[in-house]
2 protein chains.
Amino acid sequence: MIELAILGILKESELHGYELKKHLRRVLGPLSNVSFGSLYPALNRLERQGAVAVVAVDEGAARAVPPMTGSFAGEAAAFRARRLVTRGPRNKKVYGITAAGEARLAELMADPAEDERSFGMKLAFFRWCDRPTRLHLLERRRSSLRARLEETRRAVGTRGNDDPYVRALMEHDTESTMHDIAWINRLIASEEQAGEERATEPTGGQP
Amino acid sequence: MIELAILGILKESELHGYELKKHLRRVLGPLSNVSFGSLYPALNRLERQGAVAVVAVDEGAARAVPPMTGSFAGEAAAFRARRLVTRGPRNKKVYGITAAGEARLAELMADPAEDERSFGMKLAFFRWCDRPTRLHLLERRRSSLRARLEETRRAVGTRGNDDPYVRALMEHDTESTMHDIAWINRLIASEEQAGEERATEPTGGQP
DNA sequence: CGGCGATATATCGGGCCGATAGATTGAGTC
DNA sequence: GACTCAATCTATCGGCCCGATATATCGCCG
């Protein structure tokens, strides 16, 4: 989900759409590559939901509407209207996350469907959630990877799948999935270790 | 693209939609998991394009329309119409690939965009194309993986990416991509080897 | 000044997915 | 036989996402 990504980025700093896209590319890198055709509608959706809000409208507007010239602003609007469309001149709408948005982010992180891509996004924003949630997400991911592994192995044993290329595809999928599981195991281990280190402090848990 | 997958499966045997989905799941396994919401519209599209054709309408129709009772068939149609929708009773439309469809399959295999998923599909149907095309696809895939590798490495070196989780994500992406490249290299090697073995025959190439 | 590439916002058509609906068949159950 | 229940089978709908496209400004170079 793109909304998760937007909220995760906006939680760090206020940005306008274009910057947002660049940050998304930087953080999610080769995962997802969000396009404007998704980004702007998603921002509008989030704004309608009250999860983000426009913080400022920069530069362009400052030139088009200098202080205390109401009639001039009206002329500018008329000029815009004459040009077939009402699209504003270099509006740079800077968005910020709201309290509702932070709640929504937590909700999106914690709960829903695991569509292969979304795990990567969630991991990229792990800093925004607590250790139990992180561990829960990691374990859920691991179990879905294990299911995938088993399904692929079952498929290999099915008659009708004797094509060498299909075979190669499945063997490689198996290898990759095992590699991923090992990685998740390392992440879980380091998460648990960090948790234990913090547990050797005043507020005692189980010794 | 789902059309490629449908044509690739139908080239092997004639099937109706439901079977088609099961075969797709078997062959593409954990890649893609085609849903009915994509499958049926895609079949209609392909039929409109003349790439596939309905070969037979089985069972249900055989019961509803027994031989030589035109009026009865008319009644059945009226009955169906009364039920708010015209959806046929257990129609089991069996599809087959046409000559145009085979051409379209070759076209889809050879040319277009590389959206990460489509390579897996193409590989699954490699048996349907010749060695030069296979090598071309493998090399294209390798170069896109190399590009991805480089982009991720660039992203790791960018300031602002100091979050440990983002870091972990990128390191793992790098590892996976390298793993994939090694795999592609093996596929290319075995493809070239098979080509050379066949080249030591009557029709001489370059010694 | 005139073009050119980067910045910036936004829409549109079309594909894909998950949810849902409607219908038929076959097996099991009393 | 009547009843239920799961599986089979086709299909649509709303909604999201993407690529292409339109529009407009900004800063830089020659």
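Keep in mind that this is a model prediction, so the values were computed, not measured. So you know, we letter chains A, B, ... as the sequences are listed, proteins then strands, and number each from 1.
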Can you check the [X] [atom1] to [N] [atom2] distance for me, whole Å?
X: A:Leu43; N: C:dT11; atom1: CG; atom2: P; answer: 12 Å
X: A:Tyr18; N: D:dT25; atom1: OH; atom2: C1'; answer: 12 Å
X: B:Lys92; N: C:dG26; atom1: NZ; atom2: C1'; answer: 12 Å
X: A:Leu46; N: C:dA10; atom1: CG; atom2: P; answer: 14 Å
X: A:Lys21; N: C:dA6; atom1: NZ; atom2: C1'; answer: 13 Å
X: B:Tyr40; N: C:dG22; atom1: OH; atom2: C1'; answer: 13 Å
X: B:Arg25; N: D:dT8; atom1: CZ; atom2: P; answer: 13 Å
X: A:Glu47; N: C:dA10; atom1: CD; atom2: C1'; answer: 14 Å

Could you list the residues that satisfy side-chain hydrogen bond (donor to acceptor under 3.5 Å, both in side chains) with [X], not counting sequence neighbours?
X: B:Glu102; value: B:Lys11
X: B:Asp162; value: none
X: B:Thr174; value: none
X: B:Asn33; value: B:Arg25

So, using side-chain contact (heavy atoms from CB on, under 4.5 Å) as the criterion, who are the partners of A:Tyr18 when residues are at least two apart? A:His16, A:Lys22, A:Phe36

Sub-3.5 Å pairs of nitrogen or oxygen atoms, protein against nucleotides 17-20 of chain D:
| from | atom 1 | to | atom 2 | distance (Å) |
| --- | --- | --- | --- | --- |
| D:dC17 | OP1 | A:Ile2 | N | 3.2 |
| D:dC17 | OP2 | A:Arg45 | NH2 | 3.1 |
| D:dC18 | OP1 | A:Ser32 | O | 3.4 |
| D:dC18 | OP2 | A:Ser38 | OG | 2.2 |

Candidate nucleotides C:dT11, C:dT7, D:dT10, ranked by approach to the side chain of A:Lys22 - the nearest: C:dT7

If the cut-off is 4.0 Å, is A:Lys93 near the phosphate of C:dA10, judged by side-chain N/O to OP1 or OP2? yes

Distance-only, no hydrogens or angles: does the B:Arg117 side chain make a donor-acceptor pair with backbone N or O of B:Leu31 under 3.5 Å? no

